Amino acid sequence: MNWLLVVGGAMVGAPLRYLTDRAVQARHDSVFPWGTFAVNVTGCLILGLLTGVAGHVQLLLGTGLCGALTTYSTFSYETLRLVETGARGYAVLNVTASLAAGLGAAFTGVALARL
């Protein structure tokens, strides 16, 4: 029944991702995909915090919630759209900032989990 935990987490993560993305993006008058950036960095932080947790919590929050909350496909698509529309600087910023902030959030989560 582990799959039910994954499904339960995803049922929360997917709408949370959508609602967060819309709320964040509505507050920024920019072509930069702030909503996707925010959910991906948040997911990295949560996964970092869960590093020492095994079993049901990992399945529910790590695989389920974070799996549905974060999105590599949307990040890739939005970066491609930025390039196609001539916003190459924003595309480079999206890739570099997402990688740096995501790794930073994951490392921060791990450090906080070890405290």
Side-chain angles (χ1 to χ4, degrees):
M1 290 299 174
N2 288 341
W3 66 273
L4 285 175
L5 292 168
V6 175
V7 169
M11 287 174 56
V12 173
L16 184 60
R17 177 206 160 337
Y18 174 77
L19 294 171
T20 303
D21 176 63
R22 296 294 87 210
V24 170
Q25 205 60 41
R27 288 174 175 72
H28 293 87
D29 186 26
S30 170
V31 297
F32 188 83
W34 287 108
T36 301
F37 180 81
V39 296
N40 284 342
V41 172
T42 301
C44 290
L45 178 64
I46 293 169
L47 281 173
L49 288 167
L50 293 171
T51 56
V53 179
H56 298 306
V57 173
Q58 179 65 30
L59 289 171
L60 178 69
L61 299 179
T63 305
L65 178 78
C66 289
L69 176 67
T70 61
T71 172
Y72 188 73
S73 58
T74 302
F75 157 75
S76 299
Y77 171 75
E78 289 173 343
T79 302
L80 175 65
R81 292 292 303 143
L82 289 169
V83 170
E84 289 178 343
T85 60
R88 286 185 171 83
Y90 280 121
V92 171
L93 177 63
N94 190 34
V95 171
T96 56
S98 292
L99 181 61
L103 286 172
F107 280 111
T108 299
V110 169
L112 290 172
R114 290 181 178 163
L115 290 178

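Because the structure is predicted, anything quoted here is derived from the model rather than measured.
- Minimum heavy-atom separation, C66 to G43: SG-O, 3.8 Å.
- The shortest non-hydrogen separation linking A10 to P15 is O-CD, 4.0 Å.
- Here the side chain of Q25 pairs no donor or acceptor atom with the backbone of V31 at under 3.5 angstrom.
- Of the inter-residue distances, the one linking L93 atom CG with Y90 atom OH reads 8.0 Å to the nearest 0.5 angstrom.
- Residues L60 and V53 share a single hydrophobic cluster, defined by chaining ILVMFWY side chains whose heavy atoms lie under 4.5 Å apart.
- L115 and V110 end up in different hydrophobic clusters when Ile, Leu, Val, Met, Phe, Trp and Tyr side chains are linked at under 4.5 Å.
- V12 and L47 are members of different hydrophobic clusters when ILVMFWY side chains are connected at heavy-atom separations under 4.5 Å.
- Within a 6.0 Å sphere centred on NE2 of H56, heavy atoms belonging to other residues, nucleotides or ligands number 12 at most.
- In this structure, G48 and A113 approach most closely via the heavy-atom pair O-CB, 4.1 Å.
- In terms of hydrophobic clustering, with Ile, Leu, Val, Met, Phe, Trp and Tyr side chains grouped at heavy-atom distances under 4.5 Å, V6 and M1 are assigned to different clusters.
- Classified by interplanar angle (parallel below 30°, tilted 30° to 60°, perpendicular above 60°), the ring pair F37/W34 is perpendicular.
- Shown here for A14 and A68, the closest heavy-atom pair between the two residues is N-CB, 3.4 Å.
- Atom CZ of F107 sits about 13.5 Å away from atom CG of L112, to the nearest 0.5 Å.
- There is no path of hydrophobic side-chain contacts, each under 4.5 Å, that joins F75 to V39.
- M11 contributes atom CE, which lies 10.0 Å from atom CG of L4 (distance to the nearest 0.5 angstrom).
- Side-chain contact check for W3 versus L59: every heavy-atom pair is 4.5 Å or farther apart.
- With hydrogens and angles ignored, the 3.5 Å screen pairs no side-chain donor or acceptor of S98 with any backbone N or O of V95.
- Pairs engaging residues 72-98 under the salt bridge (Lys or Arg N to Asp or Glu O under 4.0 Å) rule: R81-E84 [sequence neighbours left out].
- The distance from the CD1 atom of I46 to the OG1 atom of T51 is 13.0 Å, given to the nearest 0.5 Å.
- A distance of 9.0 Å separates CG in D21 from OG1 in T71, rounded to the nearest 0.5 Å.
- Checking each of T42, T74, T70, N40 against R17 for a side-chain hydrogen bond (donor to acceptor under 3.5 Å, both in side chains) leaves exactly one that passes, namely T74.
- Atom CG of L69 sits about 5.5 Å away from atom CG of L16, to the nearest 0.5 Å.
- Here the closest heavy-atom approach between residue V83 and residue A91 is recorded as CG2-CB, 3.5 Å.
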